[in-house]
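Residue numbers begin at 1 in each chain, while the letters A, B, ... track the order of the sequences. Bear in mind that the values here come from a model prediction, so they are computed numbers and not experimental data.
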Amino acid sequence: MAVATPESYLADLNEAQREAVLATEGPLLVVAGAGSGKTRVLTYRVAHLIRACGVKPNEILAITFTNKAAGEMRERLERMLGQTARAIWILTFHAACGRMLRREAERLGYRSTFTIYDDQDQVRLVKACLEELGKDPKRFSPRGIHAQISRAKNELVSPKEYAARVASFWDQTVAETYELYQRRLHASNAVDFDDMLMLTVQVFERFPEALERWRKAFRYVLVDEYQDTNHAQYRLLQLLGGEHGNVCAVGDQDQSIYSFRSADIRNILEFEKDFPGTQVVTLEQNYRSTNTILRAANSLIEQNTERKPKRLFSELGEGDPVRVIEVEDEHAEARFVAAEIASFIGGGFSASEIAVLYRMNAQSRVLEDVLVRQDVPYQVIGGPRFYERAEIRDATAYLSVLVNPQDATSLLRIANRPRRGIGDTSLQRLVTHAENSGRTLFQAMADPEAAGVTAASCRAIRSFHATMESLMALSHDLHVDELLELVLEKSGTLDALEAERTIEARGRIENLQELVGVAREYRQQAEEQSLAGFLQDISLVSDQDTIRDERGLVTLMTLHNAKGLEFRAVFMIGMEEGIFPHSRSIEEQGVEEERRLCYVGMTRAMERLTMTHTLARSLFGRREYNLASRFLDELPGEVERDRLRPASWSGYGSPVSAAVEPRPGVALSTGDSVRHGSLGEGVVTGIEPGGVVTIRFAADGTERRLMVEYAPLEKVE
DNA sequence: GGTAGCACCAAAAGC
DNA sequence: TGGTGCTACC
């Protein structure tokens with residue numbers, strides 16, 4: 001591919017976009033409406049800085065919210081700039097802070113090999129702290145306390161400051177727990193996600209020479225999804241970019257949907273005040289949706305007060321009307337959506353161009369039942385994540401201990417996994433003894449007798465300690481993947497799983513093999529290889545990163561997950577008061593954010609948008625009768641409103657015909673093991689003419705007839 | 001030290 | 001309704 005020249009890429013942009021690319025000096029706020037080509041603006045701006053302004057690639061820091069977004073941006077820039085693009089820091093806030101913090105950790109008394117604790121580790125540690133403080137876990141749920149600590153960190157409130165402004169008894173407990181939690185993290189040479197931001201801010205505030213270095217390093221800073229930044233992230237931006245002022249924030253206040261995880265919409269609303277001399281560019285031309293869809297979305301979002309005026313338009317014509325459909329209950333809703341999907345597919349849409357969006361994950365179940373029965377191929381985004389699976393967490397905990405033996409949380413996790421006769425009692429004794437003798441837990445394991453552990457346990461602990469020491473000795477000379485394989489073998493993990501001889505254990509082994517594959521990939525592509533680096537990489541991977549447009553699959557997901565994506569046809573289900581807006585948001589006066597979420601959903605649709613609401617719905621075992629969502633009332637009069645009566649749904653429910661894109665043929669015979677996209681593992685018990693197979697599923701023992709060509713099946717060897 | 005059964009709870013989820 | 005975390009038992 002030819003190297004991009006300014007003439008060629010500037011011609012690709014509309015006037016506002018070009019303005020945003022060319023305004024390279026000083027603070028710039030790009031208010032980028034949904035589908036207005038903001039990724040293009042960001043990448044072209046970076047390319048322009050390098051190609052036309054003589055900026056070196058390593059002088060640019062481009063921050064995104066997800067690894068996926070960072071990856072996409074890097075890919076695009078590599079296409080435009082070739083190898084040059086590799087030197088640009090295109091990272092998430094956390095990844096960027098992680099890199100800086102590894103170089104500055106010593107200033108705060110951490111070692112550069114620090115471990116990153118994920119949510120599970122964090123809650124575990126909070127729980128341990130609560131127990132140590134003798135707090136009643138019924139009154140103080142570890143989750144709740146942790147959420148409060150996390151919020152404090154995101155607002156850069158230290159344990160000391162928190163303690164100083166305690167306002168209730170509960171708060172008092174949070175303050176005490178926060179203080180102990182932070183001490184324990186530090187003693188374990190570990191940081192949590194929030195620390196990555198907060199500690200980086202601390203380094204910058206307390207060590208001006210460090211700040212100066214990083215400030216000089218990054219002469220140009222760009223931040224995507226600015227509406228979702230929290231206070232700590234805002235402060236980082238101010239520290240890094242406030243002086244030279246070359247800060248470019250891209251975002252859309254109408255798509256701010258993450259206040260529940262500390263995002264502060266104030267950041268974008270007051271950017272101009274925070275960064276004096278800001279130039280504002282608003283991108284209002286939308287390249288995604290029909291004007292009919294945009295009019296509906298505009299009409300909805302105009303009900304919000306916390307916003308600056310902005311009105312999207314497009315040149316993609318009027319298109320089909322937006323539809324609002326009332327149905328009897330959630331089953332009728334699912335049948336209606338399934339039938340509509342079938343008819344869209346029959347009309348030439350590919351399944352992967354269709355999405356069903358809902359407010360809560362629990363809403364997918366009924367829909368899945370109907371889709372399975374009608375052989376509509378689909379994928380659900382969300383649910384258990386690869387890196388959160390127990391076996392994966394165990395394996396990474398082993399690696400954490402090898403790189404950072406101070407890491408007590410990981411050590412406690414793996415001490416008896418697989419079972420090797422080191423029970424809770426023994427571990428508790430070791431923890432106490434370590435504390436009293438001023439040693440780390442790992443050091444205490446070298447001499448378990450001293451902790452007063454029973455003879456049998458002592459033997460087990462000694463042997464475990466010796467295994468870990470020998471692995472540690474090897475860890476410097478081996479590649480990450482080799483070390484991981486050795487860990488799985490020497491720890492007895494593989495043997496234990498193989499001995500189980502169950503399908504589940506088999507799956508776990510496969511997952512572990514996949515992790516080895518990830519490590520092998522890391523070896524091949526990471527520039528600076530280290531075990532700590534590998535662990536950081538995988539602890540920062542998310543669900544979002546794995547969303548792909550799977551060929552031939554309809555996508556089911558929550559509205560939150562849909563952000564940043566687009567589909568030719570979108571269904572939004574459960575448009576009812578109490579569901580959406582969610583009842584909690586109504587109580588907590590968060591309806592404006594719910595409305596923004598609705599806006600995000602609507603603006604995912606390119607051509608067809610259908611919203612449904614039910615008269616009655618069973619939720620958590622109770623039957624509820626909800627009014628239609630207020631959001632539906634806020635749509636313009638031109639939307640098509642229909643009521644589906646019982647008599648008319650009988651027609652809905654006939655299986656999707658051959659219009660579904662056939663998947664590559666899967667040859668099956670009786671007795672084969674198969675895996676279904678949603679139903680899990682099973683065995684083929686019968687084959688019928690016409691490509692119909694009967695499968696008995698292991699999970700619930702039921703038998704189902706499926707069309708081989710269309711069902712999301714794969715053969716398991 | 002491991003597991004079965006029961007009580008409890010319930011929004012969204014990036015790094 | 002269904003998943004999860006803790007207590008009571010083997």
Would you kindly give the CD-to-C1' distance between Q120(A) and dA13(B), to the nearest whole Å? 14 Å
Determine the contact category for D194(A): base if any of its heavy atoms lies under 4.0 Å from a base atom, sugar-phosphate if only primed atoms, P, OP1 or OP2 are that close, otherwise nothing. nothing
Using atom CZ of R261(A) as one end and atom P of dA11(B) as the other, report the distance to the nearest whole Å. 17 Å
Looking at N361(A), I'd like to know whether one of its side-chain N or O atoms comes within less than 4.0 Å of OP1 or OP2 on dA13(B). yes
Rounded to whole angstroms, how far apart are CD1 on I461(A) and P on dG1(B)? 9 Å
Just the rounded figure in Å: distance from P of dA13(B) to CD1 of I257(A). 9 Å
Pairwise C1' distance, dA11(B) and dC6(C) [rounded to whole Å]: 25 Å
Check whether any side-chain N or O of S585(A) sits under 3.5 Å from a backbone N or O of H582(A) as a donor-acceptor pair, and report yes or no. yes
Taking T229(A)'s backbone N and O only, do any of them form a donor-acceptor pair with D264(A)'s side chain (distance below 3.5 Å, no angle check)? no
D118(A) CG - dG14(B) P separation (whole Å): 13 Å
Taking the six-membered ring of Y258(A) as reference, does the cationic atom of R261(A) (NZ for Lys, CZ for Arg) lie under 6.0 Å from its centre and within 45° of its axis? yes
If you measure from the C1' atom in dG3(C) to the same atom in dG14(B), how many Å do you get, rounded? 24 Å
Look at all strands and tell whether R419(A) reaches a base, only sugar-phosphate, or nothing, counting heavy atoms closer than 4.0 Å. sugar-phosphate
Just call it for G98(A): base, sugar-phosphate, or nothing, with non-hydrogen atoms closer than 4.0 Å on any strand. nothing
With a cut-off of less than 4.0 Å, is there a side-chain N or O of T558(A) near OP1 or OP2 of dA13(B)? yes
Whether the side chain of S259(A) engages the backbone of S262(A) through a donor-acceptor N/O pair (distance < 3.5 Å, no angle test) should be reported. no
Counting only non-hydrogen atoms, which of residues 582-599 of chain A are less than 4.0 Å from DNA chain B? H582(A), R584(A), E588(A), E594(A)
Figure out the CE/P separation between M557(A) and dA13(B), and round it to whole Å. 11 Å
Between the side-chain atoms of R359(A) and the base atoms of dA11(B), is any donor-acceptor pair under 3.5 Å? yes
Rounding to a whole Å, what distance do you find between E225(A):CD and dA13(B):C1'? 14 Å
For R365(A) and dA10(B), what is the distance between atoms CZ and C1' respectively, to the nearest whole Å? 15 Å
Picking from dG14(B), dG1(B), dA12(B), the nucleotide nearest the side-chain atoms of H560(A) would be dA12(B)
Using atom P of each nucleotide, how far apart are dT4(C) and dA13(B) to the nearest Å? 15 Å
Going by the side-chain contact (heavy atoms from CB on, under 4.5 Å) test, name the single residue among M100(A), R235(A), H94(A) that passes it with T200(A). M100(A)
Classify the angle between the aromatic ring planes of Y234(A) and H231(A) as parallel (below 30°), tilted (30 to 60°) or perpendicular (above 60°). tilted
Using a 4.0 Å heavy-atom cut-off, does F620(A) contact any base of the nucleic acid, only the sugar-phosphate backbone, or nothing at all? base
Can F260(A) be said to stack with the base of dA12(B), given centres closer than 5.5 angstrom and planes under 30 degrees apart? yes
Tightest non-hydrogen contact, residues R102(A) and S112(A), listed as NH1-O, 2.8 Å
Side-chain donor-acceptor contact under 3.5 Å, Q379(A) with T555(A): yes
If the cut-off is 4.0 Å, is N561(A) near the phosphate of dA13(B), judged by side-chain N/O to OP1 or OP2? yes
